[in-house]
Asker: 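Sharing a structure with you now.
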There are 2 protein chains.
Amino acid sequence: MAEDVKDFYSREDKMYVATDCIIFGFDEAKIKLLIFKRRVEPLKGQWSLIGSFVRIDEDVDSAAQRVLMEITGLENVFMEELKTYGSANRDPGYRCVSIGQYALIRINDYDRELVEKHGAHWYDLEDVPDLVLDHGQMVNDALERLKRKARFQPIGFELLPEKFTLPQLQKLYEAIYQTKLDARNFRKKVLSHNVLEKLDEKDKTSSRRGAFLYKFDHKNYRRLLKSGFNFEI
Amino acid sequence: MAEDVKDFYSREDKMYVATDCIIFGFDEAKIKLLIFKRRVEPLKGQWSLIGSFVRIDEDVDSAAQRVLMEITGLENVFMEELKTYGSANRDPGYRCVSIGQYALIRINDYDRELVEKHGAHWYDLEDVPDLVLDHGQMVNDALERLKRKARFQPIGFELLPEKFTLPQLQKLYEAIYQTKLDARNFRKKVLSHNVLEKLDEKDKTSSRRGAFLYKFDHKNYRRLLKSGFNFEI
DNA sequence: GTTAATAAATGTAATTTATACATTAATTTC
DNA sequence: GAAATTAATGTATAAATTACATTTATTAAC
């Protein structure tokens with residue numbers, strides 16, 4: 001802090017800090033985004049990421065968890081800071097710095113009543129309407145991050161149910177990378193990491209034969225991480 | 001923004017936004033960090049990252065560039081957001097959210113007079129004294145980022161002079177990764193990317209034979225980036 | 001109960017990439 | 001011209017990635 005704090009903020013002007021969540025879900029074949037209608041002027045009623053001001057006695061992280069909880073009823077969700085959006089003029093109403101955070105949620109787990117009550121909606125990525133302020137940019141940035149990150153860390157699993165099939169997992173990666181993958185090579189690679197536990201159960205919703213269900217083995221993953229392991233698909 | 005702004009900040013309490021720069025340099029064989037003595041209470045006079053409050057009409061990015069300019073005289077330097085430090089109690093003086101940004105500079109380019117005037121000092125990484133608040137954590141985080149990032153993007157070059165030798169470049173990567181590299185494999189790999197231009201000049205400061213100087217070919221790099229290229233060492 | 005339909009599961013050979021490793025070359029100083 | 005010093009270079013082996021086609025398990029329809 002290079003200067004005395006008295007030089008700033010001694011006017012009526014106030015600096016606000018907000019957080020906005022880019023909430024991704026995955027439904028069979030498509031990545032989806034949860035948005036709602038902004039509840040404060042200016043631009044009230046327009047589509048917006050789900051966010052909030054950070055309270056004076058609240059950690060920035062906690063603020064993001066709080067809004068996620070308020071709107072979806074979910075806690076203990078994968079959420080990670082994306083970046084700060086800090087242009088002086090990004091919000092016509094206030095001087096507001098927003099910390100973007102992206103979350104990956106299991107799309108069947110959220111509290112439908114709560115979501116409905118808050119007027120929130122899931123949109124397929126390609127159908128997302130225009131968002132207020134720089135929120136469109138936030139979504140683009142978050143997607144980029146998701147793509148990059150998914151290559152080296154098994155965050156994709158955060159978007160799937162506890163139990164999932166390999167074809168499901170492959171479809172998820174195909175959606176993230178926007179490309180077709182070869183089933184044999186894909187299976188070889190994910191299984192080679194030894195972090196998937198094959199169950200004795202099949203999911204028959206999408207084929208007659210049924211596909212075996214797997215669980216992600218967090219314990220083994222953590223063990224491997226410590227010994228310098230690098231997850232890559 | 002999920003709630004009305006009136007709910008917050010209507011008290012005497014104010015939210016401050018600051019930015020702190022983790023400034024790295026590289027000198028022959030070691031990575032160095034530029035720090036100075038904090039000029040505001042509390043903890044005035046203790047070693048601190050170089051930072052400032054963000055002005056009410058100033059972009060967060062611009063604030064970081066401003067302090068870097070004030071202390072080193074440098075502009076157009078590689079600087080990138082690291083992450084937000086947002087615990088409610090991270091600073092005993094104020095409620096202050098700080099955006100960490102790390103910068104890579106050519107250690108011979110900075111303005112020595114300015115740096116001296118501000119009481120700033122370069123420290124070898126292993127000799128950095130304790131820093132105020134969470135600044136030590138910021139340095140650790142920035143180093144992690146540098147390591148990860150250097151694998152896939154040629155940011156290492158930002159730490160070297162315009163013209164550099166391959167042994168210099170190798171020493172830099174050895175310092176970043178904290179490991180010895182094989183000269184033959186290293187050269188093969190960096191040269192394979194076709195983004196280094198060999199000059200007809202030698203640097204003889206560190207050997208009798210002298211080592212050829214190279215320049216980073218930014219134009220070719222951008223061209224390759226567009227066609228899906230991925231720099232990796 | 002046989003057949004048709006459907007998605008799941010599997011192996012191998014060829015190519016590319018990464019690794020390990022030791023000698024010669026250029027130059028200066030004595 | 002000999003000694004000292006760092007720069008520069010190639011090859012064989014191992015590992016990882018890619019491309020590619022058939023069989024299997026199950027249900028629904030007849």
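Note on naming: letters A, B, ... go to the chains in the order of the sequence lines (proteins, then strands), and numbering restarts at 1 for each one.
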Asker: Classify the nucleic acid contact of S206(B) as base, sugar-phosphate or nothing, counting any heavy atom under 4.0 Å across all strands shown.
Answerer: sugar-phosphate
Asker: Of S207(A) and K198(A), whose nearest nucleotide on DNA chain C comes first from the 5' end?
Answerer: S207(A)
Asker: Backbone N or O of S48(A) within a donor-acceptor pair of the R38(A) side chain at under 3.5 Å?
Answerer: no
Asker: Taking only N and O in the side chain of R187(B), is any of them less than 4.0 Å away from OP1 or OP2 of dA8(D)?
Answerer: yes
Asker: For the side chain of R209(B) and the base of dA7(D), is some donor closer than 3.5 Å to an acceptor across the two?
Answerer: yes
Asker: Run the numbers on F157(A) and F78(A) for ring pair (Phe, Tyr, Trp, His ring centres under 6.0 Å), then give the verdict.
Answerer: CA-CA 10 Å; F157(A) 300 96; F78(A) 175 92; over 10 Å; no
Asker: Given Q137(B), which of V139(B), L133(B), D141(B) fulfils the side-chain contact (heavy atoms from CB on, under 4.5 Å) condition?
Answerer: D141(B)
Asker: Nearest nucleotide by nearest heavy atom, which residue falls closer to the 5' end of DNA chain C, A211(A) or N185(B)?
Answerer: A211(A)
Asker: Using the ring of each side chain (for Trp, its six-membered ring), is F231(B) parallel, tilted or perpendicular to Y221(B), with breaks at 30° and 60°?
Answerer: perpendicular
Asker: Tell me whether the OP1 or OP2 atom of dA4(D) has a side-chain N or O from R208(B) closer than 4.0 Å.
Answerer: no
Asker: What is the distance from CD of Q168(A) to C1' of dA8(C), rounded to the nearest Å?
Answerer: 13 Å
Asker: Distance check needed: dA16(D) C1' versus I233(A) CD1, whole Å only.
Answerer: 16 Å
Asker: Starting from the 5' end of DNA chain D, give me the residue, K188(A) or K202(A), whose nearest nucleotide shows up first.
Answerer: K188(A)
